[in-house]
Amino acid sequence: MVNKNKEWQATLLDPTALGKFLSPESGWELQILTPLHPWFQINRIEVFRPYLKFPLAPHRKTVYDFLFLTAGTTTRNKGIDNYILGSNSFFFLPAYQILTSEAMSEDVRGYYCHFDPEIFNKKFIQNDLLNEFSFLKYNGHPVVTISDEVVPKVEYLLNRLDEEYRTGRKESLDLIRSYLLTLFYELRRFSQSEDISSNDSAAQLTQRYKEALPQQVYTFQKVSDFAKFLNVSPNYLNRCVQRTMGKSAHDLLNETMLLESKALLKQSGLSISEIAYKVGKKDPSDFSRFFKAQTGMTPKEYRE
């Protein structure tokens, strides 16, 4: 799947901490505490929607999660990529990827689910089983929109997952594994291919750059460093990114550094000086100027 960068440890939320992070003022937590909770959890979105305040701060989790909307809309970001979801749509987020969410309509309906991939490794011989599904990959396309005809089948599986979760019995994990896999195989027919035309070298390089950014941002802080890592010149990398994204390679790097900074400010106890150093701004005042230019707030104001 994805390398577990040790630098990410400061920004990882386990399932128990997730609810407190998303709804700290209400004291409400995003889970029903059962013995299954560390491995699997499912809830109706409309149940916890009133407790959430948008936009949600960037955060990174130790578990995979997905949303399925039957009504309403929401806006979610996987890393620096933005997606708008409507009814009949799934949004998948693999573990260790940063999520932000700008908005969710009041009339939203559907399901939220998270699961630890280890529930498969403990029972199935194929440790790379989840790689069969592009929407579960770290850099795969996260949105799967299904047809009206398939919705009843999908809702049946989600309802069965909900029923088994609420029993609280650890032996229900066997059924949960089976239902999850059945769901993923149903959705695979609707998932978008992540293949990029072999003739579009600019798009291929841009994709490699986007994949490298979140995994190497604590190692490289200059476009020239990433270009060397990708075995191309900085000018060529920038031309390819500009042609594909309409943004410069430096713009994407700044977006990634800002996202990491926000996650560290909200999720870690690191000082602002330590966070500045982590994202390559050795002078804290330089980091503050960078952060305020991007957000209109100082790092201290954002943290508070």
| said: Using the rule that Ile, Leu, Val, Met, Phe, Trp and Tyr join whenever any side-chain heavy atoms are under 4.5 Å apart, tell me whether I176 and V154 fall into a single cluster. | reply: yes

| query | Can you tell me how far the OG1 atom of T244 sits from the CD atom of Q204, to the nearest 0.5 Å? | reply | 10.0 Å

| field | All pairs passing side chain to side chain donor-acceptor pair (under 3.5 Å) where residues 222-234 contributes a residue, at least two apart | value | none

| message | The criterion is salt bridge (Lys or Arg N to Asp or Glu O under 4.0 Å); which residues satisfy it with K61, sequence neighbours excluded? | response | D65

| Whether T74 side chain and L85 backbone form a donor-acceptor pair below 3.5 Å | no

| query | ring-ring contact (aromatic ring centres under 6.0 Å, His included) with Y302: which residues, sequence neighbours excluded? | reply | F291

| request: May I ask you to check whether Y138 and E211 show a side-chain donor-acceptor distance below 3.5 Å? | output: no

| message | Would you say that M245 contacts D251 through its side chain, given a criterion of any heavy-atom pair below 4.5 Å between the two side chains? | response | no

| said: Between L36 and L173, is the side chain to side chain contact (heavy atoms under 4.5 Å, CB included) condition met? List the steps. | reply: CA-CA 8 Å; L36 297 179; L173 279 175; 3.8 Å; yes

| Taking K78 for the side chain and G140 for the main chain, is one N or O donor matched with an acceptor at less than 3.5 Å? | yes

| task | Supply the atom-to-atom distance L213 CG to E255 CD, rounded to the nearest 0.5 angstrom. | result | 9.5 Å

| said: In the structure I gave you, are the side-chain heavy atoms of N88 and D148 within less than 4.5 Å of one another anywhere? | reply: yes

| task | Determine whether I80 and K247 make a side-chain contact, defined as any pair of heavy atoms from C-beta on separated by less than 4.5 Å. | result | no

| Just how far is it from atom OG of S87 to atom CZ of R109, taken to the nearest 0.5 Å? | 13.0 Å

| query | Would C240 and T206 satisfy side chain to side chain contact (heavy atoms under 4.5 Å, CB included), going step by step from the backbone distance to the final call? | reply | CA-CA 6 Å; C240 290; T206 299; 4.2 Å; yes

| request: Kindly give the heavy-atom pair with the smallest separation between P50 and V47, and that separation in Å. | output: CD-O, 3.6 Å

| field | Result of checking Q215, Q216, Q221 against T219 for side-chain contact (heavy atoms from CB on, under 4.5 Å) | value | Q216

| note | Rounded to the nearest 0.5 Å, the OG atom of S101 sits from the NE2 atom of H59 at a distance of 8.0 Å

| Are any of the side-chain heavy atoms of F135 and F91 separated by less than 4.5 Å? | no

| query | Would a 4.5 Å heavy-atom cut-off, applied to side chains only, mark N131 and K137 as touching? | reply | yes

| request: Measure centre to centre between the rings of F115 and F184, then say whether the value is under 6.0 Å. | output: yes

| task | Determine the minimum heavy-atom distance between P94 and Y64, stating which atoms define it. | result | CA-CD2, 3.6 Å

| field | hydrophobic_cluster_shared for V108 and I84, side chain cutoff 4.5 Å | value | no

| On the ring face of Y112, is R44 found with NZ or CZ under 6.0 Å from the centre and within 45° of the axis? | no

| note | Minimal heavy-atom distance between L13 and A17, with the atoms involved, is CD2-CB, 4.0 Å

| query | Measuring from L161:CG to Y179:OH, what's the distance to the nearest 0.5 Å? | reply | 8.0 Å

| remark: From the list F226, Y236, F229, F220, ring pair (Phe, Tyr, Trp, His ring centres under 6.0 Å) with Y209 holds only for F226

| field | hydrophobic_cluster_shared for L253 and I275, side chain cutoff 4.5 Å | value | yes

| task | Anything under 30° is parallel, anything over 60° is perpendicular, the rest tilted; go ahead and classify F90 against F66. | result | tilted

| query | Got Q41 and P15 here, is their nearest side-chain heavy-atom distance under 4.5 Å? | reply | no

| said: Please give me the minimum heavy-atom distance between S248 and N238, naming the atom from each residue. | reply: CB-OD1, 3.3 Å

| Stepwise side chain to side chain contact (heavy atoms under 4.5 Å, CB included) check, F190 with T145 | CA-CA 7 Å; F190 297 91; T145 302; over 6 Å; no

| field | Which atom of T62 lies closest to which atom of A95, heavy atoms considered | value | O-CB, 3.6 Å

| field | Nearest atoms (heavy-atom pairs only) where K266 meets A57 | value | CG-CB, 3.8 Å

| field | Test item: S191 side-chain N/O and V144 main-chain N/O as donor-acceptor pair under 3.5 Å | value | no

| Okay, side chain of R188, backbone of F133: is any donor-acceptor separation there less than 3.5 Å? | no

| query | Between D162 and N159, is there a donor-acceptor pair closer than 3.5 Å when you use the side chain of the first and the backbone of the second? | reply | no

| query | Rounded to the nearest 0.5 Å, how far apart are NZ of K153 and OG of S147? | reply | 8.5 Å

| message | Within the structure provided, determine whether N254 and F290 are in side-chain contact (heavy-atom separation under 4.5 Å). | response | yes

| said: I'd like to know if the side chain of S172 reaches the main chain of G168, judged simply by a donor and an acceptor atom lying under 3.5 Å from each other, with no hydrogens or angles considered. | reply: no

| task | Apply side chain to side chain contact (heavy atoms under 4.5 Å, CB included) to K262 and L258, showing your working. | result | CA-CA 6 Å; K262 286 180 174 181; L258 180 65; 4.1 Å; yes

| said: Between R160 and E164, does any side-chain N to carboxylate O distance fall below 4.0 Å? | reply: yes

| Taking side chain as C-beta onward, heavy atoms only, is L265 less than 4.5 Å from I272? | yes

| E46/R49 ion pair, N-O < 4.0 Å | no

| request: Consider only side-chain heavy atoms of I, L, V, M, F, W and Y, link residues closer than 4.5 Å, and tell whether L264 and Y277 are in one cluster. | output: no

| task | Could you tell me whether R60 and E260 make a salt bridge, using a distance below 4.0 angstrom between a side-chain N and a carboxylate O? | result | yes

| query | Under a single-linkage definition using a 4.5 Å side-chain heavy-atom cutoff for Ile, Leu, Val, Met, Phe, Trp and Tyr, are I42 and F92 assigned to the same hydrophobic cluster? | reply | yes

| field | Side-chain donor/acceptor of D116 to backbone N/O of I119, under 3.5 Å | value | no

